[in-house]
Amino acid sequence: MNKKMSFIILILFFIFCSLAFSQQTMLFRAEVSFEEIAHNTPVVITIFHSDIDRVSVNMRTLVATGTVVLAQDSVGLSNNQGDGIIIQYYTDDNSIVKASSVTYKKTDEHLYSFVTSPIVIDTNSEYIYYRISAKASDGTMGSYPSSNSYIEANVKQIETQAIGTSGGILTLQSGDQTRGNTVQYFLQGALLSTTNYRIKELYTSETLPFIGGLRPIIAYEFTPADIIVNSQALMPSITLYYGDLVSDYNNIEVRWLNGTRWENVSFTNNFEMRTVTVNLALTNTKLGYYAVFDKVALSDSDYRPVYKVFRLGEELEFRNLGTGDTVTIFDINGREIARLTSKPFKWNGRKSS
């Protein structure tokens, strides 16, 4: 019994004795309540993170991001080196659990954002299993998943999804949550029916059709190649993840296999996300094989038509040109007779008039 309780009971005893000897008998009821004061209550730790279910077969790198929330402002993350937030992992061919460092910063009163260091998955591994843990300064632990289970990520090539008239997004994760993904996007109303669409990341060692002397950095296959849409303007856009495979992300090009030849297409390059996006409605291309290449300096002959002599009923097609390029044709006296401003940059031998 604590001192506070003893003191209250003693006072009540004296009151009772005084009344017992008084001339007038009185009846009293006393109620005593105690406030329970919590001391050293463990802090509640909540970890928010979107699962990584797939890692690139060529880059084989996993980077996880997320946030940690502490329910009490007075308690922070542990200050012990490498103890505040950690990521633990193992692979299907090596059951030894390893830990990797995590970088984090306080972004609010009791909120921390984190990024794990890149985990490179061995070439013999097909799966990686990981979990994220956080420790408060009072020793309380929190984890994601909240149980003792691990998240499974598959080092695989293919992602498939059924997409219909309401549109949709098919995503092939890169495995690095600080970067972008490979994506196929259909607008609502673009498709006439539901079809299974597939994205396949091709190994850099694979031999592609009609590749010749070209050496792609990374290639993808989007299928089915021939699709029917309500209008050409509703053709999908596709995004290709190239990661750190390129030597200079300012100097790359994207090509599409048009059936017999790898044709340059216009694209937008997101350096931060390490992705390129091709709008098929603007490039007038289809699904199928797309690849990212290191851009090489071209000479004049690389743009000229394959055939330099007209044949009856044929056209001259200028090569390696894309949106924004212009071909101007002059006669022997230097007078302009024709101008080509869009793909496929073909000339029928006639004047513009």
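The first residue of the sequence shown is numbered 1, and numbering continues consecutively from there. Quantities reported herein were computed from a predicted structural model and do not represent experimental measurements.
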Tyr220 and Tyr241 aromatic centres sub-6.0 Å:
no
Quick one: are the ring centres of Tyr90 and Tyr150 less than 6.0 Å apart?
yes
Output the distance between atom [atom1] ([X]) and atom [atom2] ([Y]), rounded to the nearest 0.5 Å.
{"X": "Thr195", "Y": "Ile228", "atom1": "OG1", "atom2": "CD1", "value": "8.5 Å"}
{"X": "Ser133", "Y": "Ile45", "atom1": "OG", "atom2": "CD1", "value": "9.5 Å"}
{"X": "Ile217", "Y": "Asp294", "atom1": "CD1", "atom2": "CG", "value": "3.5 Å"}

Should [X] and [Y] count as an ion pair when the cut-off is N to O under 4.0 Å?
{"X": "Glu315", "Y": "Arg350", "result": "no"}
{"X": "Lys106", "Y": "Glu109", "result": "no"}
{"X": "Glu317", "Y": "Arg261", "result": "yes"}
{"X": "Glu221", "Y": "Arg198", "result": "yes"}

Will you find, in the side chains of [X] and [Y], an N or O donor that is under 3.5 Å from an N or O acceptor?
{"X": "Asn124", "Y": "Asp122", "result": "yes"}
{"X": "Asn181", "Y": "Gln173", "result": "no"}
{"X": "Ser125", "Y": "Asp93", "result": "yes"}
{"X": "Ser117", "Y": "Ser101", "result": "yes"}
{"X": "Thr140", "Y": "Asp138", "result": "yes"}
{"X": "Arg179", "Y": "Thr275", "result": "no"}
{"X": "Asn258", "Y": "Tyr289", "result": "no"}
{"X": "Gln157", "Y": "Glu206", "result": "yes"}

Under a 4.5 Å side-chain heavy-atom rule over Ile, Leu, Val, Met, Phe, Trp and Tyr, are [X] and [Y] clustered together?
{"X": "Tyr89", "Y": "Ile86", "value": "no"}
{"X": "Leu172", "Y": "Leu170", "value": "yes"}
{"X": "Val254", "Y": "Met235", "value": "yes"}
{"X": "Phe271", "Y": "Leu240", "value": "yes"}

Residues Ala64 and Gln177: closest non-hydrogen pair is CA-OE1, 3.6 Å
Can you see which heavy atom on Leu340 is nearest to which on Lys346, and at what distance?
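Closest approach of Leu340 to Lys346, heavy atoms only: CD2-O, 3.5 Å.
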Tyr242 and its side chain to side chain donor-acceptor pair (under 3.5 Å) partner, picked from Thr182, Asn58, Asn269
Asn269
